[in-house]
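On a predicted model such as this, the values are computed, not experimentally measured, just so you know. The first residue of the sequence shown is numbered 1, and numbering continues consecutively from there.
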Amino acid sequence: MAAPTLLELRPLGNTGLKLSCVGFGASPLGNVFGIISESDAIATVRRAFSLGVNFFDTSPYYGGTLSEKMLGKALKALEVPRNEYIVSTKCGRYKEGFDFSAERVTRSIDESLERLQLDYVDILHCHDIEFGSLDQIVTETIPALVKLKEAGKVKFIGITGLPLGIFSYVLDRVPPGTVDVILSYCHYGINDNTLEDLLPYLKSKGVGIISASPLAMGLLTESGPPEWHPAPPELKAACKAAASYCKEKGKNISKLAMQYSLSNKEISTVLVGMNSVKQVDENIAAAQELATVGKDEKTLTEVESILKPVKNQTWPSGIQQS
């Protein structure tokens, strides 16, 4: 039986896919933010699916392949037809380092499919391409992915990374329609909305847009970012002040950040990492509240004024857990 559509479904570029506006980021299933048991992982995925989430994203890099294995077990446990959920995984970034060669990415998809217990993935992304040679991505990696698409192992091709300039570099150098999707992270949130400037260009290319990490990898949370977070100190301090302001007012900065990111309907889905039924419930509730009541404009205005001095301040690509 199909999951009830409690979430808005949005078209993904020219792919014909319709993604739930909230996407399930499965990196936490690889224990990258703390240990999660197999039973909790399955329960979390089941809860998300039951509330209308149909898009699940992972990578062999997350937890050194553990995320893919856990997601595979959880999706199998749903016992629903394959066409009821959409899965993306990635290639090129691994626990042992980066390798965007045709040979490695071709082998990579077979390994991923085995771990995911699937015959195909809907989207295969080149993962964090700024760490490789963009010219290799254009001339070697993407042509290899086109062959995987022709073989039926992959339905659509994507690219991911932090610096926004990488997307136009690649899209301007491959045949139109070759890259179907881009996945950007940490560039469409309350503290940084620079992805917005790129939306008309991406739309003109017919590319689907996934925006990940609406909480800026923990900056926009009450507990704050993890130790390794590469943001500059003044950005961390401003986000901490904004989170404290929200708490004093009885509001939650994470919910506000989620709703801010969801409110731009040109973005097909907002991908957020989830590792508990509670987190799933909170994210879905935020989306449903946005759809029925709207955002808390007053608190949002106050938070934006706190963050104004550091607005659109990013950080160099480095150790981030994208």
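Applying the salt bridge (Lys or Arg N to Asp or Glu O under 4.0 Å) rule to pairs touching residues 55-68 yields D57-K90, E68-R115, sequence neighbours excluded. A ring-ring contact (aromatic ring centres under 6.0 Å, His included) check over residues 272-305, counting only residues at least two apart or in different chains, returns nothing.
Other residues, nucleotides and ligands place no more than 12 heavy atoms under 6.0 Å from the NZ atom of K255. Around the CD atom of E114, the shell of radius 6.0 Å holds no more than 12 heavy atoms that belong to other residues, nucleotides or ligands. In the displayed structure, K278 atom NZ is contacted under 6.0 Å by at most 12 heavy atoms of other residues, nucleotides or ligands.
In this structure, D192 and K311 have side chains that are not in contact, with every pair of non-hydrogen atoms separated by 4.5 Å or more. With a 4.5 Å cut-off on side-chain heavy atoms, V22 and M274 count as touching. Looking only at side-chain heavy atoms (C-beta outward), P230 and M217 come within less than 4.5 Å of each other. Counting only heavy atoms from C-beta outward, the side chains of H125 and S88 approach each other to under 4.5 Å.
Side-chain contact of Q259 with K295: a donor-acceptor pair under 3.5 Å is absent, judged by distance alone. Defined by atom type and a distance below 3.5 Å, a donor-acceptor pair is missing between the side-chain atoms of D296 and Y260. Side chains of Y188 and T194: no donor on one and acceptor on the other come within 3.5 Å.
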Should S59 and H127 be marked as a side-chain hydrogen bond (donor to acceptor under 3.5 Å, both in side chains) after you check the CA-CA gap, both sets of side-chain angles, and the distance that decides it? CA-CA 8 Å; S59 165; H127 194 179; 3.1 Å; yes
Checking R82 against E84 for the salt bridge (Lys or Arg N to Asp or Glu O under 4.0 Å) test, could you report, in this order, the C-alpha distance in whole Å, the side-chain angles of both residues, the deciding distance, and whether it holds? CA-CA 5 Å; R82 172 67 181 87; E84 288 190 16; over 6 Å; no
Derivation of the salt bridge (Lys or Arg N to Asp or Glu O under 4.0 Å) call for D122 and K155: CA-CA 5 Å; D122 298 275; K155 299 288 184 189; over 6 Å; no
Start with the C-alpha gap between L29 and Y62, add the side-chain angles, then the distance that decides, and say whether side-chain contact (heavy atoms from CB on, under 4.5 Å) holds. CA-CA 8 Å; L29 304 189; Y62 302 147; over 6 Å; no
side-chain hydrogen bond (donor to acceptor under 3.5 Å, both in side chains), that's the test. Do Y169 and D135 meet it? Break it down for me. CA-CA 9 Å; Y169 187 94; D135 291 326; 2.6 Å; yes
Checking side-chain contact (heavy atoms from CB on, under 4.5 Å) for the pair D281/L51: CA distance, chi angles, key distance, verdict? CA-CA 8 Å; D281 287 347; L51 293 177; 3.5 Å; yes
Show every donor-acceptor pair shorter than 3.5 Å between a side-chain atom in residues 234-249 and any protein atom, with sequence neighbours excluded, or say none if there are none.
| from | atom 1 | to | atom 2 | distance (Å) |
| --- | --- | --- | --- | --- |
| K236 | NZ | H229 | O | 2.9 |
| S244 | OG | K240 | O | 3.0 |

Could you pull out all donor-acceptor pairs under 3.5 Å where a side-chain atom in residues 143-150 meets a protein atom, sequence neighbours excluded?
| from | atom 1 | to | atom 2 | distance (Å) |
| --- | --- | --- | --- | --- |
| K149 | NZ | D180 | OD2 | 3.2 |

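Listed by chain and number, the residues in a side chain to side chain donor-acceptor pair (under 3.5 Å) with D119 amount to none (sequence neighbours excluded). With sequence neighbours excluded, the residues satisfying side chain to side chain contact (heavy atoms under 4.5 Å, CB included) with Q136 are F100, S101, S133, E140, T141.
Looking at N54, its side chain does come within 3.5 Å of a backbone N or O of S20 through a donor-acceptor pair. H187 places no side-chain N or O within donor-acceptor distance of the main-chain N or O of L164, the cut-off being under 3.5 Å.
Taking the centre and axis of the six-membered ring of Y61, the NZ or CZ atom of K95 falls outside the cone set by 45° and 6.0 Å. Taking the centre and axis of the six-membered ring of F98, the NZ or CZ atom of R104 falls outside the cone set by 45° and 6.0 Å.
Using a 30° and 60° split on the angle between ring planes, F56 and F24 fall in the tilted class, from 30° to 60°.
A salt bridge does not link E304 to K308: none of the charged side-chain nitrogens sits closer than 4.0 Å to a carboxylate oxygen.
Atom CD1 of I182 and atom CG of L202 lie 5.0 Å apart (nearest 0.5 Å).
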